[in-house]
K.L.:
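Before anything else, here's the structure in question.
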Amino acid sequence: MSQGQFLQAASTFQRRIALPSPWAASEMKFIPDSSVVSDVIPSANYGDRRGERAPDMIVLHYTGMSDAEVAIRRLTNAGTEVSAHYIVREDGRIIQCVPESLRAWHAGAATWGADTDVNSCSIGIEIVNGGHDYGLPPYPLRQIAAVIALCKGIMIRRNIVRERVLGHSDVAPGRKQDPGEKFPWQLLADSGVGLYVLPAKIVPGPTLQIGETGADVLALQEALAGYGYSVTASGQYDSTTRDVVAAFQRHFRPARVDGIADPSTLTTLRDLLRARGANGART
């Protein structure tokens, strides 16, 4: 995508006429945290952040539903027990459903590094997209431009470092696949949102896969855990390790997502850890 195309797309998500919100089941009223929000549709599903934790992570999702209206209903209606701070529609309009100061219910059972309550330390952004159940359609350019603008504002306000902009599949590997292998993480990183390195070329070579044991498996597990993924360094390539490798591939080496640690996967992981060190980011 050229710079001109990006600027043109970025200009499309200016504040517009408020969306109708017949679905909102919450009496909560609040002022949007971000200037790029086009409407507020309060969700009934939220709570306090546990331990008075301030958010220092952004988790990106796809809605995985048939259309935006279905997703908005589900994320705002009482009884569904799911929500997000923001919803980004295909045309770039951004809806806020939960204030950033509160705990939205978007990540479920999820872990990153030492954080076992991801909902309490994160801001959840749902991106309208049918997901794998609907063929994983490409993300429109104007939608991605809106996601970038929203994330950049949150990162500045909340002092969130690049490496803590993650996908749902990163914090819940084996359980979630969103935002999926078609999500343009490199484009976000080029704009300062998220950490990314160019994936190493896929070439023939030795692999590590389920059932294998030894020092090489242990080193792989330690490297993945060192970045933040929830995997035990046991030296046994078990199903959890396979799921974590697949989650890593989905985010950082999306050309082949198979849970097998091939030379491309191992090189990309090594380059990512090196880039994090060079960037001075914290875990």
Side-chain angles (χ1 to χ4, degrees), residues 57-65 84 88 106-113 115 118 122 124-140 143-144 147-148 151 162-190 193-203 207-210 217 220-221 223-231 237-273 275-276 283:
M57 178 191 298
I58 297 172
V59 179
L60 302 181
H61 309 252
Y62 60 46
T63 52
M65 301 179 208
V88 183
H106 60 96
T111 299
W112 188 256
D115 291 314
V118 170
S122 66
I125 300 175
E126 288 276 0
I127 304 164
V128 175
N129 183 285
H132 290 83
D133 288 346
Y134 293 89
L136 192 58
Y139 291 87
Q143 185 182 44
I144 294 302
V147 171
I148 290 171
C151 287
R162 294 181 63 170
E163 71 171 91
R164 286 179 70 87
V165 180
L166 301 163
H168 199 186
S169 58
D170 293 312
V171 299
R175 190 173 66 85
K176 293 294 181 179
Q177 301 181 80
D178 52 317
E181 54 273 17
K182 291 183 182 178
F183 189 74
W185 287 107
Q186 183 180 349
L187 182 55
L188 269 69
D190 288 345
V193 178
L195 191 62
Y196 195 81
V197 295
L198 288 176
K201 184 179 179 180
I202 297 175
V203 296
T207 63
L208 297 172
Q209 54 190 305
I210 196 163
V217 175
L220 167 65
Q221 293 167 330
L224 289 165
Y227 193 71
Y229 286 97
S230 180
V231 60
Y237 205 113
D238 54 13
S239 59
T240 297
T241 303
R242 176 200 59 203
D243 292 344
V244 168
V245 169
F248 172 83
Q249 292 170 333
R250 186 166 281 114
H251 187 151
F252 296 104
R253 207 287 307 273
R256 183 190 296 167
V257 180
D258 57 10
I260 297 173
D262 61 351
S264 169
T265 301
L266 297 172
T267 300
T268 303
L269 175 57
R270 184 182 65 241
D271 291 347
L272 182 67
L273 290 167
R276 182 183 65 177
T283 300

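We count residues from 1, following the sequence as given.
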K.L.:
Between Val197 and Ala275, which heavy-atom pair has the shortest distance, and what is it?
P.N.:
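In terms of heavy atoms, the two residues are closest at CG1-CB, 3.6 Å.
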K.L.:
We want to know whether Thr241 and Asp238 form a side-chain donor-acceptor pair, criterion being a heavy-atom distance below 3.5 angstrom.
P.N.:
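The criterion, which ignores hydrogens and geometry beyond distance, is satisfied for Asp238 and Thr241.
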K.L.:
With sequence neighbours left out, what residues match Thr63 under side chain to side chain donor-acceptor pair (under 3.5 Å)?
P.N.:
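Thr63 satisfies side chain to side chain donor-acceptor pair (under 3.5 Å) with no residue once adjacent residues are dropped.
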K.L.:
When rounded to the nearest 0.5 angstrom, what is the spacing between OH in Tyr227 and CG in Leu166?
P.N.:
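Rounded to the nearest 0.5 Å, the OH-CG separation comes to 7.0 Å.
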K.L.:
Determine the minimum heavy-atom distance between Pro179 and Gly167, stating which atoms define it.
P.N.:
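The pair with the smallest heavy-atom distance is CD-CA, 3.7 Å.
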K.L.:
Looking at every heavy atom in both Ile148 and Leu187, which two are closest together, and how far apart are they?
P.N.:
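Here Ile148 and Leu187 meet closest at CD1-O, 4.1 Å.
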K.L.:
Do Asn129 and Phe183 have side chains that get closer than 4.5 Å, going by heavy atoms?
P.N.:
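Result no, sub-4.5 Å side-chain heavy-atom pair not found.
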K.L.:
Yes or no on side-chain contact (heavy atoms from CB on, under 4.5 Å) for Tyr237 and Val245, after CA distance, side-chain angles and deciding distance?
P.N.:
CA-CA 10 Å; Tyr237 205 113; Val245 169; 3.3 Å; yes
K.L.:
Measuring only between side-chain heavy atoms, which start at C-beta, is Leu208 closer than 4.5 Å to Thr265?
P.N.:
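Of all side-chain heavy-atom pairs linking Thr265 with Leu208, none is under 4.5 Å.
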K.L.:
What heavy-atom pair brings Ala247 and Pro173 nearest, and what distance separates the two atoms?
P.N.:
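Scanning both residues completely, I find the closest heavy atoms to be CB-CB, 3.7 Å.
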K.L.:
Using only atom types and a distance under 3.5 Å, with no angle test, would you say the side chain of Gln186 pairs donor to acceptor with the backbone of Tyr196?
P.N.:
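Side chain of Gln186 to backbone of Tyr196, a donor-acceptor pair under 3.5 Å: no, none is there.
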K.L.:
Ignoring hydrogens and angles, tell me if any N or O in the side chain of His168 forms a donor-acceptor pair with the backbone of Val59 under 3.5 Å.
P.N.:
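A pair under 3.5 Å: no.
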K.L.:
I'd like to check the salt bridge (charged side-chain N to carboxylate O under 4.0 Å, His left out) partners of Asp115; sequence neighbours left out, ordered by chain and number.
P.N.:
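Residues passing salt bridge (charged side-chain N to carboxylate O under 4.0 Å, His left out) with Asp115: Arg53, Arg164.
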K.L.:
Taking it one step at a time, do Val147 and Tyr139 satisfy side-chain contact (heavy atoms from CB on, under 4.5 Å)?
P.N.:
CA-CA 11 Å; Val147 171; Tyr139 291 87; over 6 Å; no
K.L.:
To the nearest 0.5 Å, tell me how far Tyr229 OH sits from Gln221 CD.
P.N.:
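The OH atom of Tyr229 sits 15.0 Å away from the CD atom of Gln221.
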K.L.:
In Å, rounded to the nearest 0.5 Å, how long is the span from CG of Asp243 to CD1 of Ile210?
P.N.:
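Reported to 0.5 Å precision, the distance equals 8.0 Å.
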K.L.:
Measure the NE2-OG distance between His106 and Ser122 for me, rounded to the nearest 0.5 Å.
P.N.:
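Going from the NE2 atom of His106 to the OG atom of Ser122 covers 3.0 Å.
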K.L.:
With sequence neighbours excluded, tell me which residues meet side chain to side chain donor-acceptor pair (under 3.5 Å) with Ser239.
P.N.:
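Applying side chain to side chain donor-acceptor pair (under 3.5 Å) to Ser239 gives none.
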K.L.:
Output the distance between atom CD (Glu163) and atom CZ (Arg276), rounded to the nearest 0.5 Å.
P.N.:
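Interatomic distance, Glu163 CD to Arg276 CZ, rounded to 0.5 Å: 5.0 Å.
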K.L.:
List for me each residue that meets ring-ring contact (aromatic ring centres under 6.0 Å, His included) alongside His251, sequence neighbours excluded, and say none if there are none.
P.N.:
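By the ring-ring contact (aromatic ring centres under 6.0 Å, His included) rule, His251 matches Trp185.
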K.L.:
Got a second to check how far Ile125's CD1 is from Leu60's CG, nearest 0.5 Å?
P.N.:
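The CG atom of Leu60 is 5.5 Å from CD1 of Ile125, to the nearest 0.5 Å.
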K.L.:
Looking at every non-hydrogen atom in both residues, tell me the closest pair between Val118 and Trp112 and how far apart they are.
P.N.:
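For Val118 and Trp112, the tightest heavy-atom pair comes out as CG2-N, 4.2 Å.
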K.L.:
Scan residues 256-271 for pairs that pass salt bridge (Lys or Arg N to Asp or Glu O under 4.0 Å), counting only residues two or more places apart or in two chains.
P.N.:
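Every pair satisfying salt bridge (Lys or Arg N to Asp or Glu O under 4.0 Å) with a residue in residues 256-271: Arg253-Asp262, Arg256-Asp262, Asp271-Arg274.
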K.L.:
Against Tyr62, only a single residue in His132, Glu126, Gln177 fulfils side chain to side chain donor-acceptor pair (under 3.5 Å); can you say which?
P.N.:
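It is His132; the other options fail the test.
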K.L.:
What's the shortest heavy-atom distance between Thr240 and Ser230, and which atoms?
P.N.:
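In terms of heavy atoms, the two residues are closest at CG2-O, 4.1 Å.
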K.L.:
Output every pair passing salt bridge (Lys or Arg N to Asp or Glu O under 4.0 Å) with a member in residues 165-188, not counting sequence neighbours, ordered by first then second residue.
P.N.:
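Of all non-adjacent pairs touching residues 165-188, those that pass salt bridge (Lys or Arg N to Asp or Glu O under 4.0 Å) are Glu181-Arg250.
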